[in-house]
Protein chains: 2
Amino acid sequence: MNMPYPTSSSTATPTHTFPAHIEHQLDKATALCTQQGARMTAQRRDVLGLILMHARPVGAYDLLEELKTAERRPAPPTVYRALDFLLEHGLIHRIERLSAFIPCTNLRHCSHTHEHSEACLHTAQFLICRDCKTVTEIADTTVLETLKHICKNENFVIQSTSVEVEGLCADCASKHPTKELPHQGV
Amino acid sequence: MNMPYPTSSSTATPTHTFPAHIEHQLDKATALCTQQGARMTAQRRDVLGLILMHARPVGAYDLLEELKTAERRPAPPTVYRALDFLLEHGLIHRIERLSAFIPCTNLRHCSHTHEHSEACLHTAQFLICRDCKTVTEIADTTVLETLKHICKNENFVIQSTSVEVEGLCADCASKHPTKELPHQGV
DNA sequence: GAATGCAATGTAATACTATTACATTTTCTC
DNA sequence: GAGAAAATGTAATAGTATTACATTGCATTC
Ligand SMILES: [Zn+2]
Ligand SMILES: [Zn+2]
Ligand SMILES: [Zn+2]
Ligand SMILES: [Zn+2]
C-alpha cells in the first residue's frame, strides 16, 4: 500500500533521542550489556531511555504509547520483550504492586559499575509512596541476609526476592494525618 | 423467563458446603470477624472456603468459576469484593507475583486467635516454589523489624509490606540441578 | 560472498486480571 | 415499619500480559 520506509533498520539506529544525561546513562547500560555478551539494541535502548525519563514507575502500555512515532506503531510484545531483557540484566525493576517499572537506581547514581552486584539483580527493595507514587530503591543488605538465613534453615533455594514497603514518604507524611500500620490480631 | 428461585437469600445460607476441617476453619474465621464487628456473609464464607480447599495460590477467576452453581453465575465484582474483605481482615493474602490468593497460615495452624497479630495483617512474607507452586508463609519478625528501622531513618511511614522469595522448595530443589541466585554486577 | 542458523522484531489475535457505574436487595438501627 | 447503610447483582469496560507464527537482521562458516 504505502511506500516502504528506507529499510528502517529498526535495530540499527535508535528511534528516540534523549537529553544528554539520559544518553550518558544509556551508554553506561550499553557498556554493561556488551561486557555481559548481551546486545543493547535500538529498541531496548529506546525503552530504557523512556523509563529513565520518568520520575515514577511507568506501565508497559504507557511505554507502548510513548514508543509510537510517525513511522512505527509497536505492539505489546515489542515492549514486553524489551522489558524482559532489561529485567534480566538488572537494568530495571518491576514493582509488583504497581505492575510498573523503574530503572535500577544504580544506573542513575553509581559511578562504579560493580557496586550492588547481587543485591540488585534478582533482589531489590522498594519504598513506595501511596500519595506521590514515588518509589525509592533501598540499598540495605540486612534484609536479604536475613532471608537467606531463613531459607537456609528450610532448605529453600532462593532465586529471586522482592521486598515492597508501601506507605508515605517523608514529604507526604508531613502533609497528612498519620495513618500508620494498624495492629489487629488473627 | 424462568421461575424465580425461592428468594435465594444469597447472604443468608452458604451455597457451598465443605469438609469438616474446612468448616472448622471457616467457623474460626467467622468468630474473628464477629469479634471485629465485621460480617462474614455467606458469599465471603464461600470464597474463603474455596481458597482453603486449594493447596496452592488460586486466582480470582478460578474462584469465580468454582462459585458457579446451577442457580447463580457470579460476575467478577462479586469475587473481588469478597477478596477485598478477606484481605482487609487478614484472613487471606495476595501473592503479588502470582496475582493469586492464599489463606493466612494462621487459619490453618494456630489455635490461638491473637498470634501473629500485626505481623500478619498488613505484612507477610512468603516462599514461593517455582516448580510445585507451593507458597509457604513464614512467621519471622526480623525482616519487618529491619524494614521498620530503615524506614524510621528515612521518615517513611509504613502502611503495609510484602516480602516474596521465589525459588525452589526443599523437595523440588532435591530433584533439580541447583539454580541458585546468580551473581552479576550493575 | 552465498548459505546457514540463531537472535530479534513484526503482527494479529487472544487470554488474563481488575474496576467502574449503577440498580437492587439485605441488614441494621431507630 | 421507615430510613440509612452495607452488601450484592449486573453489564460494560479498562488494564496487563501472552501465544503463535511470519519476517527480518546479524554472525558464522564454507
Ligand atoms: Zn537496582
Ligand atoms: Zn510521597
Ligand atoms: Zn498470614
Ligand atoms: Zn516445590
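Just so we're clear, the structure is a prediction, and the values are computed from it rather than from any experiment.
The nucleotide whose nearest atom lies closest to any side-chain atom of B:Thr41 is, among C:dA18, C:dG10, D:dT8, D:dT8. When distances are taken from the side chain of A:Pro76 to each of C:dG10, D:dT8, D:dT18, the shortest belongs to D:dT18. Among the nucleotides C:dT11, D:dA7, C:dA8, the one closest to the side chain of A:Arg81 is C:dT11. In this structure, of C:dG10, C:dA18, C:dA8, it is C:dA8 that holds the atom nearest to the side chain of A:Arg44. Distance from the side chain of B:Tyr61 is smallest for C:dT17 among the nucleotides D:dA17, D:dA7, C:dT17. Closest to the A:Arg39 side chain, of the nucleotides C:dA18, D:dT8, D:dC26, is D:dC26.
Between the P atom of C:dA18 and the CG atom of B:Asp62 lies a distance of 11 Å, rounded to the nearest Å. Between B:Arg97 atom CZ and C:dT17 atom C1' there is a gap of 18 Å when expressed in whole angstrom units. Separating the CZ atom of B:Arg72 from the C1' atom of D:dA7 is a distance of 12 Å, rounded to the nearest angstrom. Here D:dG9 presents its P atom at 11 Å from CG of B:Asp46, a figure rounded to the nearest Å. Atom P of nucleotide D:dA17 and atom CG of B:Leu98 are separated by 13 Å, given to the nearest angstrom. B:Asp84 has its CG atom 13 Å from the C1' atom of D:dA7, to the nearest Å. Atom NE2 of B:His89 is separated from atom P of D:dA6 by 12 Å (rounded to the nearest Å). For the pair B:Lys68 NZ and D:dT10 C1', the computed distance is 14 Å after rounding to whole Å.
B:Ser162 and B:Arg97 are not linked by any side-chain donor-acceptor pair at a separation below 3.5 angstrom, with hydrogens and angles left out of the test. Side chain to side chain, B:Thr30 and B:Arg39 fail the donor-acceptor criterion of an N or O pair below 3.5 Å. For B:Glu66 and B:His54, the side-chain atoms include at least one donor-acceptor pair closer than 3.5 Å.
Note on B:Lys28 versus B:Glu23: no salt bridge recorded, every NZ/NE/NH1/NH2 to OD/OE distance being 4.0 Å or above. Note on A:Asp84 versus A:Arg44: no salt bridge recorded, every NZ/NE/NH1/NH2 to OD/OE distance being 4.0 Å or above.
Where B:Gly59 and A:Arg73 meet DNA chain C, the nucleotide closest to each residue was compared, and A:Arg73 sits on the side nearer the 5' end.
Across all strands shown, A:Arg94 has heavy atoms under 4.0 Å from sugar-phosphate atoms exclusively, and none from any base. Note on B:Pro77: a base of the nucleic acid sits closer than 4.0 angstrom, heavy atoms only.
A:Gln43 has a side-chain polar atom (N or O) that falls below the 4.0 Å cut-off from OP1 or OP2 of C:dG10. Of the side-chain N and O atoms in A:Thr78, none sit less than 4.0 angstrom from OP1 or OP2 of C:dT9.
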